[in-house]
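A short write-up of the structure that comes next.
In what follows, chains are A, B, ... by sequence order, proteins preceding strands, each numbered from 1.
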Number of protein chains: 2
Amino acid sequence: MDDQLPPATVSSRRYGVLIQKLRQAGLRPTRQRLALASLLFERGNQHVCAEALYDQAQRAGIRVSVATVYNTLNQFTAAGLLREVVAVPGRFYFDSNLSDHHHFFFEVTGTLEDIPSDRMVLAHLPEPPAGTAVARVDIVVRVQPVKPSPV
Amino acid sequence: MDDQLPPATVSSRRYGVLIQKLRQAGLRPTRQRLALASLLFERGNQHVCAEALYDQAQRAGIRVSVATVYNTLNQFTAAGLLREVVAVPGRFYFDSNLSDHHHFFFEVTGTLEDIPSDRMVLAHLPEPPAGTAVARVDIVVRVQPVKPSPV
DNA sequence: GTGATTGCAAATCTTTTGCACTAAA
DNA sequence: TTTAGTGCAAAAGATTTGCAATCAC
């Protein structure tokens with residue numbers, strides 16, 4: 001339960017890398033931002049929505065409000081530390097993996113999994129409409145559990 | 001302004017095809033459903049969200065409530081008359097084009113445009129994770145206006 | 001100390017729902 | 001007549017915002 005940062009720890013060694021990261025992004029390394037950044041960037045690729053991250057934070061004993069989780073996710077995204085994934089209508093997902101890649105979306109669980117870009121190749125990208133340029137290509141492969149084979 | 005259906009018109013010739021379509025889908029051809037179906041299915045491929053369709057209906061002089069627009073879009077989708085497009089977080093889009101295809105998404109206007117499937121080929125679809133099967137692949141090509149070339 | 005950040009609660013936005021009324025069959 | 005469908009307004013779910021209190025520098 002005391003997984004929480006005592007004030008003195010904010011500028012400690014433990015968070016050195018994250019502090020740099022936030023500073024470089026122009027964000028003040030506050031206790032909440034560091035704790036959330038730790039959940040997002042120190043555990044491999046993460047796909048989260050605000051609610052899920054808030055829950056993780058609660059479980060980790062981090063005292064942070066829902067509003068701050070939302071604000072932080074948006075600030076991190078604006079700063080280029082996260083990117084948005086559009087997988088479900090009605091919900092904002094964020095991805096800590098900034099490399100070029102796509103996603104499996106598990107329809108039953110609502111979770112995402114990365115597909116490295118070299119495992120998914122577009123043979124034929126159409127010309128964008130006149131006056132426009134391609135900003136990004138998002139591919140979502142929706143998967144479902146296979147139904148048990150009939151006996 | 002009197003674009004609206006008088007009760008007698010509901011079973012008229014004008015809506016014959018749509019009436020069939022709704023009946024086959026197991027939906028009673030009511031005045032509101034027919035009017036919305038007309039907007040959706042008699043003007044080529046449409047990409048709409050509830051609000052946009054409601055606005056179109058208003059402009060066409062159709063008396064329909066927002067709740068009915070939402071319900072109708074969901075019923076049409078459940079009946080296989082529409083499909084959902086996931087393009088933006090926080091909003092439900094529907095597509096009257098049921099054929100296999102993908103989308104351009106115009107980031108500034110928030111509008112969609114079809115990409116016929118033969119103009120967009122996946123060279124390499126990765127194996128789905130064990131125990132799952134691919135239900136659908138959604139590709140969204142996000143485009144932006146090209147910035148005017150420097151003089 | 002000063003300005004940025006946080007937390008809370010209220011506000012907003014989109015979508016869904018309950019229920020009395022209306023219309024289709 | 002009988003049941004499905006509609007409209008309204010209230011509810012619900014997700015996200016944003018205003019403002020006083022708190023924290024980083």
Side-chain angles (χ1 to χ4, degrees), chain A residues 4-12 15-16 18-20 22-23 25-37 48-55 57-58 62-79 82 84-94 110, chain B residues 4-12 15-16 18-20 22-23 25-37 48-55 57-58 62-79 82 84-94 110:
Chain A
Q4 231 166 287
L5 313 177
T9 314
V10 168
S11 43
S12 79
Y15 284 96
L18 291 178
I19 290 173
Q20 286 314 310
L22 294 186
R23 284 241 168 77
L27 297 169
R28 208 182 260 193
T30 65
R31 217 175 306 168
Q32 290 83 344
R33 284 180 184 157
L34 283 169
L36 295 175
V48 298
C49 59
E51 196 190 8
L53 183 59
Y54 178 73
D55 289 348
Q58 295 289 292
I62 298 162
R63 259 177 65 277
V64 66
S65 69
V66 182
T68 296
V69 171
Y70 276 100
N71 290 335
T72 301
L73 284 171
N74 288 331
Q75 290 155 355
F76 283 8
T77 303
L82 288 176
E84 209 174 78
V85 190
V86 182
V88 225
R91 201 155 206 137
F92 291 68
Y93 277 82
F94 300 87
Chain B
Q4 230 167 286
L5 312 178
T9 314
V10 168
S11 44
S12 79
Y15 284 96
L18 291 179
I19 290 174
Q20 285 315 309
L22 294 186
R23 284 242 168 77
L27 296 169
R28 212 184 258 194
T30 66
R31 218 174 304 167
Q32 290 84 342
R33 283 179 184 159
L34 283 169
L36 294 176
V48 298
C49 58
E51 196 189 8
L53 184 59
Y54 178 74
D55 288 349
Q58 294 291 291
I62 299 162
R63 258 178 65 278
V64 66
S65 69
V66 182
T68 297
V69 171
Y70 276 101
N71 289 336
T72 301
L73 284 171
N74 288 331
Q75 289 155 356
F76 282 9
T77 303
L82 290 176
E84 210 174 80
V85 189
V86 181
V88 226
R91 199 156 210 136
F92 291 69
Y93 277 83
F94 299 87

Side chain proximity check, Asn74(A) to Phe94(A), heavy atoms < 4.5 angstrom: yes
Do the side chains of Arg31(A) and Arg63(A) get nearer than 4.5 Å, heavy atoms only?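 Counting from C-beta outward, Arg63(A) and Arg31(A) never come under 4.5 Å.
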So, is Tyr70(B) near the phosphate of dT15(C), with a side-chain N or O under 4.0 Å from OP1 or OP2? yes
dT15(C), OP1 or OP2 - any side-chain N/O from Asn74(B) closer than 4.0 Å? no
Excluding sequence neighbours, so at least two apart, what forms side-chain contact (heavy atoms from CB on, under 4.5 Å) with [X]?
X	value
Gln20(B)	Gln24(B)
Ala52(B)	Cys49(B)
Ala25(A)	Leu27(A), Ala79(A), Leu81(A)
Val88(A)	Tyr93(A), Phe105(A)

How long is the line joining [atom1] of [X] and [atom2] of [N], in whole Å?
X	N	atom1	atom2	result
Phe92(B)	dT15(D)	CZ	P	11 Å
Leu22(A)	dA24(D)	CG	C1'	13 Å
Arg23(B)	dA4(D)	CZ	C1'	13 Å
Leu73(B)	dT14(C)	CG	P	15 Å
Glu84(B)	dT14(C)	CD	C1'	14 Å
Leu27(B)	dA25(C)	CG	C1'	15 Å

Using five pairs at either end of the helix from dG1(C)-dC25(D) to dA25(C)-dT1(D), determine the angle between the two local helix axes and round it to 10 degrees. 30°
Within the side chain of Arg33(B), is there an N or O that forms a donor-acceptor pair under 3.5 Å with the backbone of Arg28(B)? yes
Taking only nitrogen or oxygen atoms into account, show me every contact under 3.5 Å that the protein makes with nucleotides 6-13 of chain D, one pair per line with its distance.
residue, atom, partner, partner atom, Å
dT6(D), OP1, Thr30(B), OG1, 2.5
dT6(D), O3', Gln32(B), NE2, 2.7
dG7(D), OP1, Gln32(B), NE2, 3.1
dG7(D), OP1, Arg63(B), O, 3.2
dG7(D), OP2, Ser65(B), N, 3.0
dG7(D), OP2, Ser65(B), OG, 3.1
dG7(D), OP2, Thr68(B), OG1, 2.5

